[in-house]
Amino acid sequence: MSRFIAWRLLQGLLVLFIMSFVIYALIGLMPGDPIDLMISSDPNMTAADAARLRSLYGLDLPIYERYLNWISTALSGDLGYSRLFGQPVLQALFPALINSVMLLGLAFTISVCVAIPLGTLAASRPRSFLDYSVNLAAFAGISIPSFWLALMLIIIFAVFLGWLPAGGIAPQNANIIETLKYMILPATTLSVVSIGSHIRYVRAAMIEVLRQDYIRTAKAKGAKNTRIIWKHALRNAMIPVVTILALDFGYLFSGALVTETIYSWPGMGKLIFDSVMGNDFNLALVALLFATALTLTGNLLADICYAWLDPRIVIGQEPS
Amino acid sequence: MLNRPFREISNKLMKYNIYIGFICACAILLTSCSKPSDSTHSGTSRQIINIQNATSEQELKIGLSQYPSTLHPAIESMVAKYYALGMLSRPITSYDPDWNLVCNLCITLPTIENGQALLEKTPDGEDGIAVTFQLPEDAKWGDGQALTTADVLFAWQVGRNNQSGAINTELYRRTYALDVNNKHSFTLHINKVVYDYNHLGQFYPLPAHLEKAVFEENPYEYRHRTQYNAQPTNPGLWSGPYVLKEVAQGSYLRLEKNPYWYGKKPYFNEIELRAIENTAALEANLLSGTIDMIAGELGLTLDQALSFKKRHGDDYKVTFKPGLLYEHVEINLRNPILADKRVRQALMYALDRDLISQQLFSGMQPVANSSISPLGKNASNNIRTYPYNLSKANELLDQAGWNTFVDDVRVDAAGNSLRLEIMTTAGDKTRELVEQVMQNQLKKAGIDLRIKNESARVFFGQTTRERKFSGMAMFSWSMAPDNVPRTTLHSSEIPTQENNYAGQNYSGINIPELDTLIEQLEGELDARKRAPLWQAIQQIYVEELSVLPLYWRSNAYITPKWLKGLQPTGHLDPSTLRIEDWVRTE
């Protein structure tokens with residue numbers, strides 16, 4: 001097990017190194033630079049001023065030279081400063097990360113807590129009224145565009161009813177209830193979409209498992225239906241579902257751009273988008289690498305979960 | 001029998017009563033958490049309830065569509081930053097809402113007439129000007145330290161240092177020395193004679209007692225390590241009516257009154273600037289009461305504001321202020337078709353810009369006749385204009401050799417079609433709409449206009465900067481009231497590979513007479529003698545038409561009816577520079 005984890009971590013490091021260059025090159029190849037943005041808002045900026053500022057920011061160097069400069073300082077522990085926020089990269093990244101984990105963590109929890117029972121119930125009574133209702137709700141959730149849902153929720157709960165804030169984050173001295181009020185609408189928007197897809201995955205996996213011989217055997221031995229579903233079937237059905245949830249784990253930290261933009265929630269999705277568009281190389285690179293690292297971690301955790309869910313799977317062993 | 005399905009459903013629902021109970025409990029919790037509302041807006045068929053009943057009467061929440069990346073006055077140029085700085089600090093000089101240059105942090109505006117500006121020789125023997133400013137003696141920073149010429153000198157040194165990355169480059173380029181006369185008086189030495197010698201642009205003193213050590217330790221790293229980024233809530237950084245109380249990065253800034261503010265006391269105890277980038281969400285936040293007003297400088301687009309006015313005009317005050325944001329079509333003079341002046345003039349005659357202004361903008365964005373705003377004192381009424389005249393457009397095109405038609409499109413003797421390409425920022429609804437109208441209008445003159453739009457990043461970052469647009473590019477310029485158009489019209493500002501595509505003369509206009517006029521204008525101290533120079537520049541501009549002027553953009557200020565004293569400016573100096581005048585009247 002430990003050899004497997006060590007090997008996967010090494011592979012992860014290699015992926016991160018390759019990704020750092022790919023991301024840097026892709027951002028660098030995009031047209032425009034921060035000085036173009038300054039020119040558009042300063043009518044007095046001359047050609048000479050722009051050239052001086054490009055040189056100062058190192059934007060006149062070839063892309064590979066800029067990358068080598070960055071990687072050498074990054075390896076010495078200095079990730080540089082964010083141009084957009086005027087702060088060390090980690091200092092700019094951290095508040096957005098906390099906001100994303102809070103919001104997407106809540107949405108993820110709601111989604112899992114709702115989707116697993118509903119998907120299981122729907123699978124246990126296929127083609128019943130319950131199954132059709134759950135499927136209808138799932139398809140509705142998948143089909144609703146998140147920006148539209150977000151605006152509708154704002155109009156209903158913030159504008160008309162006045163129950164919840166239309167966006168933003170709670171003031172720093174706010175209590176937990178106040179903080180949660182700011183999270184309800186964005187978390188609902190995010191979870192509605194993911195609940196739909198998670199229900200479909202859980203339902204499909206459960207239906208497949210419920211057709212297996214060992215389920216029939218358990219029924220023949222007189223085991224209770226609830227015990228068969230929740231103890232025998234669900235655990236086996238979770239293996240494909242865990243793969244999906246592991247991929248969502250990375251998404252948890254890379255944010256949700258559309259929802260964050262509409263609700264003015266300063267999370268990772270918005271941060272990554274703004275840093276890429278604003279040519280904030282240091283911040284964009286570290287944020288994207290962070291999201292990549294967490295996706296890799298999520299997949300590693302999923303592999304470990306497989307062994308826990310199904311004792312026949314021995315990780316790190318070649319299939320015989 | 002009929003009841004059986006219902007009974008089945010009811011039985012099934014009972015089985016899941018735990019879930020139903022959970023949902024009901026959540027709903028009750030949610031309802032109990034919400035605060036009772038205290039204010040309603042009438043005037044629409046529905047009742048809009050404010051959540052922000054806790055908002056104190058002397059607190060103002062302003063929505064903006066941008067969050068400032070830094071609040072350092074000398075680094076980065078962003079509208080959101082200047083909007084916030086209007087309340088937190090004061091530049092030495094600025095333009096007022098009537099577009100007159102005024103003192104903010106000086107007692108009298110220096111002029112040749114009042115003797116505070118004197119002609120002199122520079123150390124190189126060239127003609128220059130010495131300008132003396134007097135700071136208010138009671139000016140203080142937010143921590144009680146006196147604001148003196150030491151702070152002005154430090155700010156100037158930061159700006160002059162090539163490693164600091166400071167903006168307002170024109171000021172530091174032309175001032176070669178700053179003499180400190182005493183604690184409250186300083187003299188700037190300008191290396192040439194320029195008529196706007198007393199305009200210091202966005203020049204703010206910096207608190208030397210807090211920042212000097214950081215700067216001197218490493219000027220290159222200063223822009224990162226400055227306390228404006230590291231500790232922005234330090235009151236000593238601010239010298240305006242407010243100081244920064246709380247910062248939530250990317251979300252909001254909360255300001256409170258500066259106890260050491262030496263000027264007129266502001267009405268509001270606290271001000272919150274909330275960044276909401278999505279303008280539909282910005283409007284929803286206003287209607288829900290999360291914010292009280294939307295800033296005109298960074299708020300709704302004009303079409304959204306017009307629509308908002310129709311729906312909620314009874315509940316809010318919507319003010320449109322035409323400004324110095326000038327929407328135009330840049331012509332690439334390297335295009336062989338557009339190199340012919342007659343074709344460019346024909347384009348202008350074929351465009352019904354008045355119709356565009358009336359139909360698309362309800363007349364709120366007036367037609368532009370040149371790059372000089374008619375609201376300023378430099379605009380000339382005695383220049384050629386291009387009212388819609390299709391027959392004149394046809395005549396000019398015939399003269400230019402485009403006198404045969406194939407499939408309703410003009411062709412020349414060699415069989416080339418009169419086909420042009422126009423580009424703008426993709427996703428900008430207003431610009432895309434204007435393009436379509438232009439396409440239809442030019443079609444009537446036999447011109448085949450093709451639309452090819454790009455994302456703003458590619459459009460500004462490469463296409464315009466490297467002059468890669470094949471025919472026309474539509475965008476806007478922002479400018480100051482007395483802005484000499486050197487960067488956009490002087491031949492030294494044409495972007496080329498040699499100058500790494502720096503410069504804003506994207507059309508590539510290169511007329512020696514125009515260059516000379518611009519240089520003469522910059523150095524003419526007599527306002528009466530400047531007038532004919534302005535007139536001559538505008539005349540060349542409208543004759544040559546390297547740029548097709550379209551309309552002056554307006555900002556829409558959406559404020560509550562109880563807010564009085566806000567004066568939209570229409571230029572780069574924001575309305576918040578007069579925040580002391582904003583009051584609640586109900």
Side-chain angles (χ1 to χ4, degrees), chain A residues 30-33 36 38-54 56-57 60 81 83-88 92 95-96 117 121 129-130 151 154-155 158-169 171-172 177 180-181 184 261-266 270-271 277-278, chain B residues 9 12 30-31 33-34 37 46 48-51 69-70 72 76-79 162-163 165 167 169-170 201 223-224 228-230 246 248-252 274-278 280-281 284-285 287-290 457-458 460-462 465 477-480 483 487 492-493 495 499-500 502-504:
Chain A
M30 287 174 72
D33 60 37
D36 290 320
M38 286 190 203
I39 288 171
S40 62
S41 55
D42 185 354
N44 287 318
M45 190 177 276
T46 63
D49 297 328
R52 182 178 60 79
L53 287 171
R54 282 203 174 91
L56 181 70
Y57 285 94
D60 55 344
Y81 280 82
R83 196 192 67 75
L84 281 184
F85 293 97
Q87 290 175 335
L121 287 172
F129 173 77
L130 177 74
L151 286 173
I154 288 173
I155 289 168
V159 177
F160 282 102
L161 298 173
W163 288 357
L164 296 165
I169 56 171
Q172 282 163 7
I177 298 286
L180 274 173
K181 279 169 70 178
I184 290 173
T261 303
I262 291 179
Y263 287 107
S264 312
W265 186 268
K270 187 90 178 55
L271 183 94
M277 298 313 285
Chain B
I9 293 167
K12 282 175 182 174
L30 201 141
T31 313
C33 287
S34 64
S37 54
R46 63 198 179 202
I48 300 162
I49 305 165
N50 264 340
I51 190 176
S69 62
T70 177
H72 193 295
E76 287 278 350
S77 178
M78 283 180 88
V79 180
N162 277 343
Q163 289 189 305
I167 50 161
T169 46
E170 172 63 12
R223 66 178 185 273
H224 299 312
Y228 284 98
N229 294 336
E246 192 180 317
Q249 186 183 286
S251 183
Y252 66 84
R274 199 166 264 273
I276 302 161
E277 201 170 296
N278 182 280
N285 273 267
L287 293 174
S288 72
T290 308
R457 168 137 193 174
V458 179
F460 291 119
Q462 194 168 55
R465 186 183 150 208
W477 285 126
S478 60
M479 52 191 77
N483 197 200
T487 52
S492 63
E493 297 291 330
N499 69 11
N500 197 22
Q504 298 173 66

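Chain naming here is simple, since letters A, B, ... match the order of the sequence lines and numbering starts at 1 in each.
Looking at residues two or more places apart in sequence or on another chain, you find no side-chain hydrogen bond (donor to acceptor under 3.5 Å, both in side chains) involving Gln87(A). Residues that satisfy the side chain to side chain contact (heavy atoms under 4.5 Å, CB included) test with Ala284(B), not counting sequence neighbours, are Ile154(A), Val159(A).
With a 4.5 Å cut-off on non-hydrogen atoms, Leu151(A) touches chain B through its side chain but not through its backbone. Using a 4.5 Å cut-off between heavy atoms, Pro171(A) touches chain B through backbone and side chain atoms alike. For Ala96(A), no part lies near chain B; criterion is any non-hydrogen pair under 4.5 Å. At a 4.5 Å heavy-atom cutoff, the contact between Ala248(B) and chain A is made by backbone and side-chain atoms alike.
Arg274(B) places none of its side-chain heavy atoms less than 4.5 Å from the side chain of Ser264(A).
The heavy-atom pair separating Ile169(A) from Tyr252(B) by the smallest distance is O-CE2, 4.0 Å. Nearest heavy-atom pair across Asn278(B) and Thr261(A) is CB-O, 4.0 Å.
Counting heavy-atom pairs closer than 4.5 Å to chain A, the top residue among Gly250(B), Ala280(B), Ser251(B) is Ser251(B). Heavy-atom pairs under 4.5 Å with chain A peak, among Gln249(B), Glu246(B), Glu277(B), at Gln249(B).
How far CG of Asn285(B) is from CD1 of Ile262(A): 11.5 Å, rounded to the nearest 0.5 Å.
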